[in-house]
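Throughout, a chain's letter reflects where its sequence line sits, starting with A, and its residues are numbered from 1. Scope of the values below: all heavy atoms of this structure, side chains included, with no hydrogens, waters or symmetry mates.
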Amino acid sequence: MLDLTYDSPKPKVIAGAKHDWELVIGMEVHAQISSRAKLFSGASTRFGAEPNSNVSFVDAAMPGMLPVINEYCVEQAVRTGLGLKAQINLWSAFDRKNYFYPDQPAGYQISQLYHPLVGEGEILVDMEPGIARKVRIERIHVEQDAGKSIHDMDPAMSFVDLNRAGVALMEIVSRPDIRGPEEAAAYITKLRQILRYLGTCDGNMQNGNLRADVNVSVCRPGAYEKYMETQDFAHLGTRCEIKNMNSMRFIQLAIDHEAKRQIAILEGGGTVEQETRLYDPDKNETRSMRSKEEAHDYRYFPDPDLLPLEIEQGWVDDIRAALPELPDEKKARFVKDFGLSEYDASVLTAEHENAAYFEQVAAGNDGKLAANWVINELFGRLKKDDRDITDSPIAPENLGQIVGLIKSEEISGKIAKDVFEIAYTSGREPREIVETEGMKQVTDTGAIEAAVDEVIAANPAQVEKAKANPKLAGWFVGQVMKATGGKANPKAVNEIVQAKLGL
Amino acid sequence: MSIDTETAARVAKLARIKVEEDALPALAKEFSDILGFIEQLNEVDVEDVEPMTSVTPMRLKRRADEVTDGGQADKVLSGAPDAREGFFAVPKVVE
């Protein structure tokens, strides 16, 4: 596999009133598994359906109903594990996590505490070209989602919709290897990118399909290195868990606020209590979720309704063999094969649809030029129209034609922009546009010479000035370009102007 | 290991089971007896014995990823003490 070399970023340092502090962050990301049916029932996972219409008696926890596992959800979790270079456990088991809440009709969530399906893996979190943080993954387990409570439809009542109850989730647990708010956001971005490449989660944060619990603690500089050496948590500070974050911006604000809160407590001689907190975006602060304190005793035990989940190595191997090319490999390949900068390669591989489009444009073309056109012209134009690459009005083959026409000097870069605009709005083929509209670049030296002669003859005063000050030759180039409707090859014009003026 | 009445009361609360104050000592004793029995089982040497996860030689049953259920909101809600506009209606719970 190709690998780009990188250095680790510096941890974020917050200056307290007394001394400096560093942040230590671990994340538990809940990612909804992309599947048609729920984890243990045949009800649909479709978002936005009528309330309680996607509910089976299993999801509603009717007495006597038994869960039957959706094999595809297991496959998706295995695929995710493989994508994160993780250990796949051929033997795993489900446990009950007991707590009472109206959106959880069984009184327990089926999860995997003792024997998760996926073990240790890693994610390389890109910060900027050449700088990345390797974040260790501790485990991924498969579990059920809860239903949804709506609190604003009635002053005295909460309304419960169980459509989401029982939908399959992956809980992806990281080690405390994230060292600042920006890294936390970059971690989510990278994880989301990998999940989307794999097709195991759509990554839609707005719908809550990807949400994070963020564990934050602070320590003095040097303490984290001791933790890494010994893996002894005693070197780290007490952590607080900020629950249920589904916005990159709020995750960063919440971490920053929470770290400062803890620093103020510690510098004031107090101790940080390990607790669950909620972030309030309106006030930009976190507050304690006291109700969670007692509920923390989940009294886990193996679910007697479910036998252990045993999978075959051969099945895992088949899933591995069918894995798509993942972002890190694709980026490295783009750098190597197309000669792109790491930055451009990152932009093009952010979404696999973008990468696929680019590869079609670049096929048989100059890779760098193709990258410039996709990133600067196409992405800019799509953004202006608020369109997605998947419904780009210009087909990749056609953009590839434009890039080819520039490279072969049949059209100038400037004319190419006009061709692009016509092709984008009309769907016409660039070659045909250039022919029909007579936009071919004039590379015929004779024709250019004639145009230059004409401009020189018409402007004797300018000629004198230019002879005194060679910088003014550019004016002639401009005039010739204008006279030829931008079709003259600017390089050729420049050379001929210089020669004719005797510069 | 012995369970006191305070622990018994806590377990009852976590399980949302109402237990009168005067019933707690008996409950605590029952818990203690059960744990005592488990402790006794713990004395058995099971060093080379594979854990038995099922009494039948069965593999976990699996289903295909197909939508085969749902579309029965009326039935799902029929046992609810209160339901409105397709939702279960419960006393306000909000953080």
Side-chain angles (χ1 to χ4, degrees), chain A residues 35-38 40-46 49-60 62 68-75 93 98-103 105 107 147 149-151 153-163 278 289 291-292 294-295 297 299 302 306-310, chain B residues 1 3-4 6-19 27 31 34-35 38 41 49-95:
Chain A
S35 66
R36 286 193 281 269
K38 294 183 180 182
F40 292 115
S41 86
S44 169
T45 60
R46 193 168 68 82
E50 286 294 303
N52 292 306
S53 59
N54 293 341
V55 180
S56 81
F57 291 143
V58 176
D59 310 319
M62 293 296 176
V68 180
I69 199 162
N70 180 335
E71 188 160 38
Y72 181 68
C73 293
V74 178
E75 181 184 330
N98 300 282
Y99 68 93
F100 287 95
Y101 205 73
D103 58 21
S149 302
I150 299 160
H151 305 294
M153 284 178 68
D154 186 281
M157 310 294 276
S158 288
F159 285 13
V160 179
D161 173 11
L162 296 181
N163 280 349
L278 261 191
M289 280 175 85
S291 64
K292 277 269 171 192
E294 189 160 69
D297 189 344
R299 295 151 297 142
L306 291 159
L307 286 167
L309 174 59
E310 290 174 273
Chain B
M1 192 177 164
I3 299 289
D4 56 19
E6 202 181 310
T7 307
R10 198 170 110 79
V11 171
K13 191 180 173 204
L14 284 171
R16 299 294 188 275
I17 294 172
K18 188 176 178 186
V19 179
L27 190 65
F31 281 158
I34 292 167
L35 287 175
I38 307 267
L41 287 179
V49 182
E50 212 175 295
M52 183 176 75
T53 51
S54 167
V55 292
T56 52
M58 244 182 91
R59 185 174 175 258
L60 178 67
K61 210 174 162 254
R62 293 136 211 248
R63 71 163 77 233
D65 185 31
E66 281 158 16
V67 176
T68 55
D69 211 338
Q72 45 172 3
D74 50 337
K75 283 189 193 158
V76 166
L77 294 168
S78 64
D82 193 357
R84 297 179 204 178
E85 296 170 64
F87 295 94
F88 291 93
V90 301
K92 190 84 126 189
V93 275
V94 70
E95 282 288 338

Subject >> Counterpart residues, side-chain hydrogen bond (donor to acceptor under 3.5 Å, both in side chains), relative to Arg84(B) (two or more places apart) >> reply: Asp154(A), Asp82(B)
Subject >> Option that, when pairs with chain B are counted at under 4.5 Å, heavy atom only, ranks first among Gly107(A), Ala60(A), Ser35(A) >> reply: Ser35(A)
Against chain B, label [X] side chain, backbone, both or neither, depending on which of its atoms sit under 4.5 Å from a heavy atom there.
| X | result |
| --- | --- |
| Pro102(A) | side chain |
| Pro302(A) | neither |
| Ala156(A) | backbone |

Locate the shortest heavy-atom distance separating [X] from [Y]; write the atom from each residue and the value.
| X | Y | result |
| --- | --- | --- |
| Lys92(B) | Ser158(A) | CA-OG, 3.4 Å |
| Met62(A) | Val76(B) | CE-O, 3.7 Å |
| Pro51(A) | Ala73(B) | O-CB, 4.0 Å |
| Leu14(B) | Phe100(A) | O-CE1, 3.2 Å |

Original post:
Between atom CZ of Arg59(B) and atom CG of Leu309(A), what is the distance when rounded to the nearest 0.5 Å?
Top reply: 8.5 Å
Original post:
Could you state the interatomic distance from CG (Asp103(A)) to CZ (Phe88(B)), rounded to the nearest 0.5 Å?
Top reply: 11.5 Å
Can you find a heavy atom in the side chain of [X] that is under 4.5 Å from one in the side chain of [Y]?
| X | Y | result |
| --- | --- | --- |
| Met58(B) | Leu307(A) | yes |
| Phe87(B) | Val160(A) | no |
| Leu306(A) | Leu60(B) | yes |

Original post:
Do other residues, nucleotides or ligands put more than 12 heavy atoms under 6.0 Å from Glu50(A) CD?
Top reply: no
Original post:
Most heavy-atom pairs under 4.5 angstrom with chain A, which of Ala64(B), Ala80(B), Ala15(B)?
Top reply: Ala15(B)
Original post:
Where the side chain of Gln72(B) meets the backbone of Val55(A), is there a donor-acceptor pair that is under 3.5 Å apart?
Top reply: yes
Original post:
Tell me, which pairs form a salt bridge (charged side-chain N to carboxylate O under 4.0 Å, His left out) where one or both residues lie in residues 61-80 of chain B, sequence neighbours left out?
Top reply: Glu71(A)-Arg62(B)
